[in-house]
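Single-structure report; data block below.
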Amino acid sequence: MKKYDHLKIEKKWQKEWDSKKVYKTLDSKSAKSKKLKPFYVLGMFPYPSGAGLHVGHPRSYIGSDICARMKRMQGFNVLYPMGYDAFGLPAEQYAIEHNVHPREAVEKNIKTFRGQFDKIGFSFDWSRQVNTTDTEYYKWTQWIFLKLYNSYYDKKSNKARPISELIKKLSKEDKEWKNYDELKKQDILMNYRLAYEGESEVNWCQVLGTVLANDEIVDDAHGHPVSERGGYPVEKIRIKQWFLRITSYADRLIEGLPELKWSNHLKEIQKNWIGKSEGSLIKFPLFKLNIDVEVFTTRADTLFGVTYVVLAPEHPLILNLKNKIENWKEVEEYIEHARHKENQERMDETKEKTGVELKVIKAINPANNEEVPVWISDYVLADYGTGAVMAVPMHDERDRQFSNKYHIPIIDRPLVDKFEITEKVGGKIVTKYKMRDAVFARQRYWGEPIPLYRDKKGIIHEVKKLPLELPNVKSYEPTGHAEGPLAGVKAWVAKGYETNTMPGWAGSSWYFLRYMDPKNKKELASKKELDYWKQVDMYVGGAEHATGHLLYSRFWHKFLKDIGVVKTEEPFVELHNQGLIMATDGRKMSKRWGNVVNPDDIVKVYGADTLRVYEMFMGPFDQPVAWSTESIIGSRRFLEKVWRISQDIVASPSEISSRFTLPGIPGGTHTIQKSHSALLEKLLHKTIKKVTEDIANFNFNTAISSMMILVNEMEKSDQVTVADFKMFLQLLAPFAPYIAEDIWKSFGEKKSIHISGWPKYDKNKIKDDVIKIAVQVNGKVRAEIEFAPDSSEADIKEIVLSNEAVKSWIKGGEIKRFIYIKNKLVNIVV
RNA sequence: GCCCGAGUGGCGGAAUUGGUAUACGCGCACGACUUAAAAUCGUGUCUCGUAAGGGAUGUGGGUUCGACUCCCACCUCGGGCACCA
């Protein structure tokens with residue numbers, strides 16, 4: 001008997017699959033001519049870090065691979081590609097430390113990743129690989145950026161339109177338009193563009209002379225934020241940056257959620273993140289000042305209970321009131337103090353609320369003309385709503401805390417109708433969102449250059465010839481001001497180019513489209529391919545991207561639909577999130593804890609098939625599980641059992657050719673004996689049904705469990721037929737592609753099992769001809785009786801009540817109820 | 001604080017339009033094979049009880065003929081948001 005030598009067979013078939021291009025995806029034309037339907041399976045592409053893959057990473061790819069393999073066997077033209085999201089901070093930090101170009105680090109890491117991928121036996125079509133840092137790729141990232149820059153959101157048609165249409169409209173509406181100079185027009189248009197320049201806060205570290213990402217900041221012993229490198233203080237400063245107007249798409253991003261086959265959990269996260277709320281804008285005139293303070297409230301019904309108005313310290317109105325405020329010095333100090341307070345501290349709810357009254361400014365409640373004081377406090381956020389709040393301590397916990405501290409009276413007034421009162425005081429019903437526009441700039445080198453430049457007058461122009469390539473720099477070290485290393489490249493700055501680069505999520509927001517047509521030089525992908533594939537049918541990846549990549553991609557996709565590039569509204573129809581694989585110590589696997597298990601080691605000792613089966617068997621796909629090298633042996637034993645059975649079949653061909661026939665079912669009895677081989681066939685067909693459904697639902701653990709049950713039965717039997725065993729191998733193939741292929745070929749098959757078709761179960765063969773019905777007396781199981789399926793209740797009742805065991809439990813008592821659940825159970829209530 | 005999700009043997013877990021709780025696997029124990037070991041196979045393995053039988057799905061209630069599954073309250077863990085007016 002041949003030994004199951006995983007090293008040998010895995011190497012052999014890997015080579016064969018590569019050379020025969022078994023997993024090659026057809027382009028739309030050849031697929032259509034063969035009448036193959038498309039199915040697009042995608043795993044989130046990795047960031048090629050220097051650490052390589054640990055056993056946690058393959059889990060999501062094994063899941064998507066199994067799905068892709070089954071769909072391929074079912075006859076779909078499956079697109080299942082892989083690539084690399086290779087821009088980003090770690091490569092830049094590596095470059096600083098080792099004084100090499102980030103590209104070198106990336107290339108080296110990609111090689112490691114590819115080697116690891118190949119060993120695990122993924123069915124990627126590598127001819128379609130993309131890499132976000134290739135100029136031919138990021139050319140199109142820049143192209144999309146320019147499209148965003150040249151578009152505005154038209155609320156009427158509820159979609160993005162070219163900025164040229166807006167200019168036409170503005171010049172019609174505003175007679176002065178044609179007299180404005182270019183800079184003024186630019187400023188006005190900036191308020192509409194979907195990619196626009198604005199101001200935002202960044203983490204600035206004076207000592208390091210650089211802007212830091214949140215990941216590069218840690219808290220020191222006193223809870224103050226310091227740089228991870230060196231432990232230097234970090235402060236917030238405001239700088240000009242590019243933004244994407246994702247808020248324009250807020251409604252569509254919410255509306256699209258229900259139709260998505262994503263977990264409710266994830267949809268909920270996105271919905272909360274967008275944070276839509278309806279409320280009223282209400283103006284509070286300032287006493288004798290001819291100035292209004294506009295507040296946003298969701299509780300206009302409490303308007304009569306207002307006791308003061310609060311502004312955020314950053315509210316622009318405060319400076320206008322400078323001369324009218326008697327205690328200006330105190331106010332100024334408070335504003336300064338709030339500015340230096342760290343965001344974290346400011347948002348800490350346990351911290352007591354502070355504020356200063358603007359003396360002697362009074363606001364007038366438009367509902368009843370009552371005068372109320374005006375305060376400033378940092379419990380009001382400048383960038384939500386209007387940055388001003390009407391305080392109703394009676395109905396709002398925060399207002400009550402503040403009132404208690406500063407001895408502001410709390411008054412109880414009856415509630416009124418929200419909508420009526422808003423109308424009555426001349427307010428407006430509006431919708432606000434928690435989500436902010438997305439900062440689309442990083443003060444870094446290793447990212448896509450923003451394809452814009454400024455002339456000497458400050459007018460912004462597009463770069464006409466894409467790609468705008470990232471120039472080489474001498475040093476990746478910080479420049480000492482709040483700009484990236486590109487600011488140190490004289491030729492770059494001289495041309496007026498942006499010194500910020502795009503954030504990490506730029507390239508990942510559309511990469512799934514590039515896979516459809518990865519080598520296209522004229523378009524990001526051809527119309528033909530885009531129309532054929534449409535969107536990702538099955539997406540698999542981490543839930544940690546809920547409010548990042550998964551939201552940004554939806555936003556970009558909707559924009560690309562608006563400008564006619566794609567036809568679908570949503571990029572990812574169905575999504576599954578894999579649970580994290582934790583280390584045996586219960587922590588995340590990380591170099592830092594020294595608890596990392598390398599898949600290469602597992603593949604070497606147990607084989608890739610065992611690793612794959614184990615990772616899918618260890619628990620539900622979407623749940624976190626702890627790695628246990630001890631438990632892998634079970635998966636290995638399962639595959640060895642499969643191997644042994646296959647050897648037996650090959651060894652005795654005469655036995656298996658004598659196919660068993662079903663004996664007739666004897667009538668009149670409730671116990672029907674059947675041959676083992678007929679039972680085995682029934683079990684096989686049940687297993688086909690179960691595995692097919694389980695893969696479709698990503699219930700891989702129960703699919704494997706049902707295959708184990710089948711194999712256990714096969715092992716007991718000496719009547720396993722080649723035909724049946726081959727059907728089982730096809731079920732196993734997506735999970736354990738190497739061993740399935742090897743045994744398949746040993747039966748003389750010429751074509752790979754992975755394109756051999758998918759077994760179908762026979763409805764008649766899974767029908768049970770005897771059904772065990774549990775008999776309960778007062779809810780407790782007291783007997784089990786066999787019946788023919790679908791027996792009538794009357795028949796069952798007669799037999800059950802004449803059963804001795806049942807009789808003894810009823811003890812002659814009166815039967816109050818007789819409940820029969822078809823083909824399952826009987827409950828007798830006495 | 002608010003919003004989600006989850007608590008089942010020694011361990012990973014199975015079973016939910018309410019219908020035989022603990023499938024499958026790991027571990028453990030015993031047995032077979034072997035000179036022996038490994039591998040493999042078989043048997044057992046929630047708990048109390050000699051048994052008959054009773055009890056058990058985080059805790060306490062409720063609905064029901066029947067609850068891991070539905071409802072209420074609480075506890076614990078995980079995730080998301082976090083002064084969003």
Side-chain angles (χ1 to χ4, degrees), chain A residues 3 263-277 279-280 295-300 302 310 312 344 346-351 353 377-381 383-392 395-399 401-402 432-436 543-544 546-547 577 579-580 582 613-614 617-620 622-638 640-641 644 699 701-712 715-716 772-784 815-830:
Chain A
K3 221 185 113 212
S263 71
N264 288 331
H265 173 63
L266 206 83
K267 292 198 231 181
E268 199 64 31
I269 291 175
Q270 286 207 347
K271 206 177 140 197
N272 292 341
W273 178 261
I274 297 167
K276 183 176 181 169
S277 62
S280 312
V295 304
F296 173 71
T297 179
T298 54
R299 295 295 309 272
T302 65
V310 212
Q344 200 58 44
R346 196 172 151 174
M347 289 188 289
D348 192 343
E349 228 177 336
T350 57
K351 273 262 160 26
K353 297 188 183 4
S377 170
D378 61 9
Y379 83 86
V380 175
L381 304 175
D383 52 2
Y384 182 74
T386 60
V389 166
M390 59 176 226
V392 188
H395 294 285
D396 186 283
E397 182 55 34
R398 295 154 301 179
D399 297 344
Q401 280 174 25
F402 195 79
K432 294 282 176 193
Y433 305 90
K434 288 188 198 176
M435 181 174 65
R436 308 290 144 83
E544 69 272 19
T547 56
N577 304 114
L580 223 54
M582 313 299 277
V613 169
Y614 173 63
F617 182 63
M618 61 198 298
D622 58 359
Q623 226 108 69
V625 264
W627 178 263
S628 160
T629 302
E630 206 180 42
S631 302
I632 296 174
I633 192 69
S635 301
R636 169 76 189 195
R637 281 182 194 147
F638 165 59
E640 277 177 356
K641 216 178 270 185
R644 269 201 314 274
N699 293 327
N701 54 334
T702 50
I704 293 171
S705 145
S706 67
M707 286 191 287
M708 284 173 168
I709 293 169
L710 176 66
V711 167
N712 287 346
E715 196 182 35
K716 283 181 206 152
K772 281 182 189 166
I773 288 182
V775 181
Q776 297 182 334
V777 178
N778 287 334
K780 290 209 190 302
V781 180
R782 299 302 185 187
E784 204 171 60
I815 293 167
K816 290 181 188 128
R817 287 184 72 176
F818 186 92
I819 295 149
Y820 172 53
I821 305 300
K822 199 175 167 194
N823 294 342
K824 287 216 165 129
L825 127 170
V826 162
N827 191 10
I828 300 163
V829 185
V830 288

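Throughout, protein chains are lettered first and strands after them, A, B, ... in sequence-line order, and every chain is numbered starting at 1.
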Any idea which of U40(B), G19(B), C83(B) is nearest the Lys824(A) side chain?
G19(B)

Rounding to the closest angstrom, what is the interatomic distance between C46(B) and G25(B) at atom P?
15 Å

Say you pick atom C1' in A38(B) and the same atom in U20(B); how far apart are they, in whole Å?
41 Å

Could you pick out which residue, Phe296(A) or Ser631(A), lies toward the 5' side of RNA chain B when each is mapped onto its nearest nucleotide?
Ser631(A)

Rounded distance in Å - CD1 (Ile773(A)) to P (G66(B))
20 Å

Spacing of the P atoms in G19(B) and G78(B) (rounded, Å):
31 Å

Flag side-chain contact, heavy atom, 4.5 Å: Tyr379(A) against Gln401(A):
no

May I ask you to verify whether the side chain of Lys353(A) and the base of C83(B) hold a donor-acceptor pair under 3.5 Å?
yes

Where the side chain of Asp396(A) meets the backbone of Ala391(A), is there a donor-acceptor pair that is under 3.5 Å apart?
no

Using heavy atoms to find the nearest nucleotide of RNA chain B for Ile704(A) and Met618(A) separately, return the residue whose nucleotide is more 5′.
Met618(A)

Can you figure out which of G25(B), A23(B), C83(B) approaches the side chain of Phe617(A) most closely?
G25(B)

Does C77(B) have a Watson-Crick or wobble partner in any strand here, with both distances under 3.5 angstrom, and which is it?
G5(B)

Distance-only, no hydrogens or angles: does the Asn699(A) side chain make a donor-acceptor pair with backbone N or O of Thr702(A) under 3.5 Å?
no

Do Arg436(A) and Asp383(A) meet the salt-bridge criterion of a basic N to acidic O distance under 4.0 Å?
yes

Take atom P in A23(B) and the same atom in U47(B), then report the distance between them in whole Å.
13 Å

The glycosidic conformation of G9(B), counting syn as within 90° of 0 and anti otherwise, is syn

Out of C83(B), C41(B), G27(B), which has the shortest distance to the side chain of Lys641(A)?
C41(B)

Starting at atom CG of Asp383(A), determine the distance to atom P of A85(B), rounded to an integer number of angstrom.
13 Å

Euclidean distance, atom CH2 of residue Trp273(A) to atom P of G80(B) [Å, nearest integer]:
11 Å

With a 3.5 Å limit on both atom pairs, tell me what C41(B) is paired to, counting Watson-Crick and G-U wobble, or say none.
G31(B)

I would like to know whether Leu580(A) and Met582(A) meet side-chain contact (heavy atoms from CB on, under 4.5 Å); could you show each step before the answer?
CA-CA 6 Å; Leu580(A) 223 54; Met582(A) 313 299 277; 4.0 Å; yes

Determine the Euclidean distance between corresponding P atoms of G49(B) and U16(B); express it in Å to zero decimal places.
34 Å

Of the nucleotides C4(B), G19(B), A85(B), which has the atom closest to the Asn827(A) side chain?
G19(B)

Interatomic distance, Ile821(A) CD1 vs G66(B) C1' [rounded to whole Å]:
9 Å

Selection from C24(B), U20(B), C83(B) that lies nearest to any side-chain heavy atom of Asp378(A):
C83(B)

Taking Gly634(A)'s backbone N and O only, do any of them form a donor-acceptor pair with Tyr614(A)'s side chain (distance below 3.5 Å, no angle check)?
no

In whole Å, measure the gap between the P atoms of C26(B) and C70(B) for me.
32 Å

Between A15(B), G79(B), C26(B), which one does the side chain of Thr702(A) approach most closely?
A15(B)

Could you tell me how far apart Arg637(A) (CZ) and A39(B) (C1') are, to the nearest whole angstrom?
10 Å

State which of A85(B), C81(B), G19(B) makes the closest approach to the side chain of Ile819(A).
G19(B)

Just compare U40(B), C81(B), U20(B) and give me whichever is closest to any side-chain atom of Leu825(A).
U20(B)

Can you check whether Asn712(A) has a side-chain N or O nearer than 4.0 Å to OP1 or OP2 of G25(B)?
yes

Nearest-angstrom distance from the residue atom OH of Tyr433(A) to P of A82(B)
18 Å

Consider the side chain of Lys434(A), meaning its heavy atoms from C-beta on, and name the nucleotide among C81(B), C83(B), C4(B) that approaches it most closely.
C81(B)

Between A39(B) (P) and Glu640(A) (CD): distance, integer Å
10 Å

Using a 4.0 Å heavy-atom cut-off, does Gln623(A) contact any base of the nucleic acid, only the sugar-phosphate backbone, or nothing at all?
nothing

Select one nucleotide: of C24(B), A85(B), G19(B), the one nearest the side-chain heavy atoms of Val380(A).
A85(B)

Does the side chain of Asn778(A) reach to within under 4.5 Å of the side chain of Val829(A), using non-hydrogen atoms?
yes

Can you measure Gln776(A) atom CD to A21(B) atom C1' for me and round it to whole angstrom units?
12 Å

